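Comments concern the structure below.
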Amino acid sequence: GDSVTQTEGQVTVSESKSLIINCTYSATSIGYPNLFWYVRYPGEGLQLLLKVITAGQKGSSRGFEATYNKEATSFHLQKASVQESDSAVYYCALSTHDTNAYKVIFGKGTHLHVLP
Amino acid sequence: GPKVLQIPSHQIIDMGQMVTLNCDPVSNHLYFYWYKQILGQQMEFLVNFYNGKVMEKSKLFKDQFSVERPDGSYFTLKIQPTALEDSAVYFCASSLDGGWGQNTLYFGAGTRLSVL
């Protein structure tokens with residue numbers, strides 16, 4: 001079946017340093033999946049950070065970016081300079097077209113802790 | 001941005017009792033979802049719902065589970081009877097359209113269900 005893998009459960013980075021959160025996916029359905037990064041700030045619901053629906057394209061939002069790499073089946077999240085306010089849980093996700101209704105499959109999430 | 005509200009934020013219940021989790025989706029959205037996240041594990045799709053019907057459900061959506069949205073009010077998840085393994089955080093989401101890849105899911109902050 002379809003799946004998303006985030007290898008790091010927690011990442012700690014000092015403010016102003018660069019960040020990369022790894023994400024790989026496996027999609028068995030016809031066609032390429034759509035890829036997403038969602039973020040959950042403390043006490044809030046999950047919200048969409050960015051999405052890319054075309055292989056080879058890059059999505060960006062709030063200084064974060066991720067490139068849809070279909071050869072490597074990866075969608076790593078990067079930021080050049082993190083801020084303390086970026087501390088949150090980040091979820092990589094995909095959606096596929098193998099069902100009659102729309103659903104999103106999530107990774108386990110990576111807790112980003114930015115040190116002041 | 002659009003908000004999905006979940007009530008209550010935490011529910012404690014004795015095993016075998018019935019529980020109803022309430023979700024107030026974004027007002028003009030037509031598709032509704034429940035996800036379940038056990039502590040330390042990934043968020044997993046339970047069910048999606050459109051036009052008064054379940055469109056798709058996962059194997060986690062046991063016979064004891066049911067969903068409804070009577071007369072455009074709350075979108076509810078009912079568990080009757082509850083079991084210990086139902087303890088988890090349940091996330092509600094809604095989207096404007098069910099078309100794959102083109103629509104963003106908006107999530108609530110979750111209801112933590114503790115079955116004793």
Side-chain angles (χ1 to χ4, degrees), chain A residues 1-10 23 25-27 29-55 57 59 61-62 68 88-111, chain B residues 1-7 9-10 23-26 29-51 53-61 67 89-112:
Chain A
D2 302 319
S3 65
V4 176
T5 301
Q6 293 177 245
T7 52
E8 305 111 335
Q10 181 162 308
C23 171
Y25 66 89
S26 172
S29 53
I30 295 171
Y32 295 109
N34 303 309
L35 301 177
F36 309 84
W37 278 99
Y38 279 83
V39 59
R40 182 184 300 139
Y41 297 102
E44 298 184 17
L46 223 59
Q47 53 185 278
L48 181 68
L49 179 61
L50 56 88
K51 71 178 180 183
V52 180
I53 63 173
T54 304
Q57 297 292 312
S61 173
R62 306 182 213 172
Y68 189 155
V89 184
Y90 292 80
Y91 294 87
C92 186
L94 67 79
S95 68
T96 64
H97 196 34
D98 63 349
T99 63
N100 292 323
Y102 180 65
K103 68 179 182 185
V104 178
I105 296 166
F106 290 89
K108 286 189 176 183
T110 299
H111 192 166
Chain B
K3 296 283 189 188
V4 174
L5 300 176
Q6 289 189 243
I7 305 157
S9 59
H10 192 185
C23 171
D24 188 10
V26 178
H29 283 186
L30 301 175
Y31 291 79
F32 312 105
Y33 313 80
W34 283 103
Y35 282 77
K36 175 183 179 181
Q37 187 174 30
I38 293 173
L39 186 64
Q41 299 184 23
Q42 65 201 91
M43 196 158 59
E44 297 203 74
F45 170 81
L46 279 178
V47 66
N48 52 20
F49 186 85
Y50 167 73
N51 197 26
K53 292 182 289 191
V54 169
M55 302 296 288
E56 184 177 359
K57 57 186 179 182
S58 73
K59 60 179 185 285
L60 297 179
F61 194 79
V67 291
V89 181
Y90 291 83
F91 294 95
C92 173
S94 68
S95 67
L96 181 60
D97 194 351
W100 80 297
Q102 304 306 317
N103 287 282
T104 298
L105 264 61
Y106 291 85
F107 283 84
T111 295
R112 180 177 298 279

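Letters A, B, ... mirror the listed sequences (proteins, then strands); counts begin at 1. If you're wondering where the values come from, they're calculated on a predicted model, not measured in any experiment.
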Check: With a 4.5 angstrom heavy-atom cut-off, which part of Glu44(B) approaches chain A: side chain, backbone, both or neither?
Finding: neither
Next item on the list: Can you see which heavy atom on Met43(B) is nearest to which on Leu46(A), and at what distance?
Entry: CE-CD2, 3.2 Å
Next item on the list: Let me know if Glu44(A) has heavy atoms under 4.5 Å from chain B in its side chain, its backbone, both or neither.
Entry: backbone
Notebook entry, point to check: So, for Ala109(B) and Gly43(A), which heavy atoms are closest and what is the spacing to 0.1 Å?
Noted result: CB-O, 4.0 Å
Notebook entry, point to check: Can you tell me how far CD1 of Ile105(A) sits from OH of Tyr35(B), rounded to the nearest 0.5 angstrom?
Noted result: 8.0 Å
Item checked: Contact class of Phe91(B) relative to chain A, heavy atoms under 4.5 angstrom -> side chain
Margin query: Nearest 0.5 Å, please: how far is CG in Leu105(B) from CZ in Phe36(A)?
Written below: 8.0 Å
Check: Roughly how far apart are Tyr91(A) OH and Gln37(B) CD, rounded to 0.5 Å?
Finding: 4.0 Å
Next item on the list: Output the option from Gln47(A), Gln6(A), Lys108(A) having the highest count of non-hydrogen pairs under 4.5 Å with chain B.
Entry: Lys108(A)
